Amino acid sequence: MARMEVVRGDITQLAVDAIVNAANNSLLGGGGVDGAIHRAAGKELLRACEKLHGCATGSAKATSGFDLPAKWIFHAVGPVWSGGSHGEADLLAGCYRRCMELAGEHNAKSIAFPAISTGIYRFPLQQAAEIAVHTVRQHLQSSDVDRVIFCCFDDATVEVYQKIV
Ligand code: AR6
């Protein structure tokens with residue numbers, strides 16, 4: 001069974017096969033981790049994203065990592081939290097599931113996730129972390145991925161994940 005780890009830091013710095021971006025439907029960049037990834041990966045990333053023609057909420061699409069240490073970026077589109085009765089939990093689980101599938105398709109053995117939807121999209125952190133860890137754990141049983149990093153940007157997020165992983 002693959003290892004799951006909780007790390008505090010900036011996901012753009014991680015030397016893993018794939019990092020996951022918390023993007024929006026346009027895939028054309030934004031604030032938060034998305035902005036950080038576009039700045040660190042360089043302008044070629046935007047050109048690659050333009051060719052993807054957006055992405056549905058609850059899914060993800062892959063690009064190269066360009067100037068990042070990571071080989072691949074999986075651009076996942078989490079749901080905007082709007083009370084919890086609009087399918088938010090299933091859509092968030094879909095992001096993690098699709099990224100684990102993309103890891104298989106791209107032969108990525110190590111993958112790092114940010115806490116998708118818990119920033120600008122306001123998904124409650126505790127519930128989001130439970131969905132993240134549960135969905136990844138389920139997928140690992142039938143996966144070649146051997147290292148999963150939950151990359152947390154602040155202490156509150158680290159604390160929540162550490163209790164679950
Ligand atoms: N490394 C790791 N995690 C980070 C980093 C970083 N460099 N920067 C921020 N985080 P958010 P969302 C954390 O808001 O809620 C964008 O505009 C952050 O502290 O980046 O899915 C997109 O274009 C939080 O824990 O993503 C969308 O429009 C987590 O990453 C929208 O924001 C997610 O916060 C997506 O909102």
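Since the model is a prediction, treat every value here as computed from it, not as a measurement. Note that ligands are numbered from 1 as they come in the structure, with each ligand's atoms numbered from 1 the same way.
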Write out the residue and atom name of the closest protein heavy atom to [atom], then the distance separating them to 0.1 Å.
atom	answer
atom 15 (O) of ligand 1	G119 N, 2.8 Å
atom 24 (C) of ligand 1	T118 OG1, 3.7 Å
atom 1 (N) of ligand 1	I11 N, 3.0 Å
atom 14 (O) of ligand 1	I120 N, 2.8 Å
atom 7 (N) of ligand 1	D10 OD1, 2.9 Å
atom 26 (O) of ligand 1	A22 CB, 3.6 Å
atom 19 (O) of ligand 1	F153 CB, 3.6 Å
atom 33 (C) of ligand 1	A115 O, 3.2 Å

Give the numbers and elements of all ligand 1 atoms closer than 4.0 Å to a heavy atom of [X].
X	answer
G9	1 (N), 2 (C)
D34	22 (C), 23 (O)
A36	7 (N)
G30	17 (O), 23 (O)

Open item on the list: Tell me which one of K71, R147, H106 satisfies side-chain hydrogen bond (donor to acceptor under 3.5 Å, both in side chains) with D17.
Closed with: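 Result: among K71, R147, H106, K71 is the only option passing the side-chain hydrogen bond (donor to acceptor under 3.5 Å, both in side chains) with D17.
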
Open item on the list: Quick one, N25 with T57, criterion side chain to side chain donor-acceptor pair (under 3.5 Å). Give me CA distance, side-chain angles, the key distance, then yes/no.
Closed with: CA-CA 7 Å; N25 294 118; T57 304; 3.1 Å; yes

Any non-hydrogen side-chain atom of [X] less than 4.5 Å from a side-chain atom of [Y]?
X	Y	result
F74	I19	no
M4	L140	yes
V136	F113	yes

Under 3.5 Å, N or O to N or O, is [X] touching ligand 1 that way?
X	value
R122	no
G31	yes
Y121	yes

Open item on the list: For atom 8 (N) of ligand 1, tell me which residue out of N24, L28, V33, L27 has the closest non-hydrogen atom.
Closed with: V33

Is [X] salt-bridged to [Y], going by a charged N under 4.0 Å from an acidic O?
X	Y	result
D146	K109	no
E130	K163	no
D155	R8	yes
E50	R47	no

- [ ] Would you check if the side chain of S117 reaches a backbone N or O of P79 as a donor-acceptor pair within less than 3.5 Å?
- [x]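 Between the backbone of P79 and the side chain of S117 there is a qualifying donor-acceptor contact (under 3.5 Å).
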
Task: Heavy-atom donor-acceptor pair, K61 side chain to G54 backbone, under 3.5 Å - done: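 At least one qualifying donor-acceptor pair exists.
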
Open item on the list: Contact between ligand 1 and S117 is defined here as a heavy atom of the residue under 4.0 Å from a ligand atom; is it met?
Closed with: yes

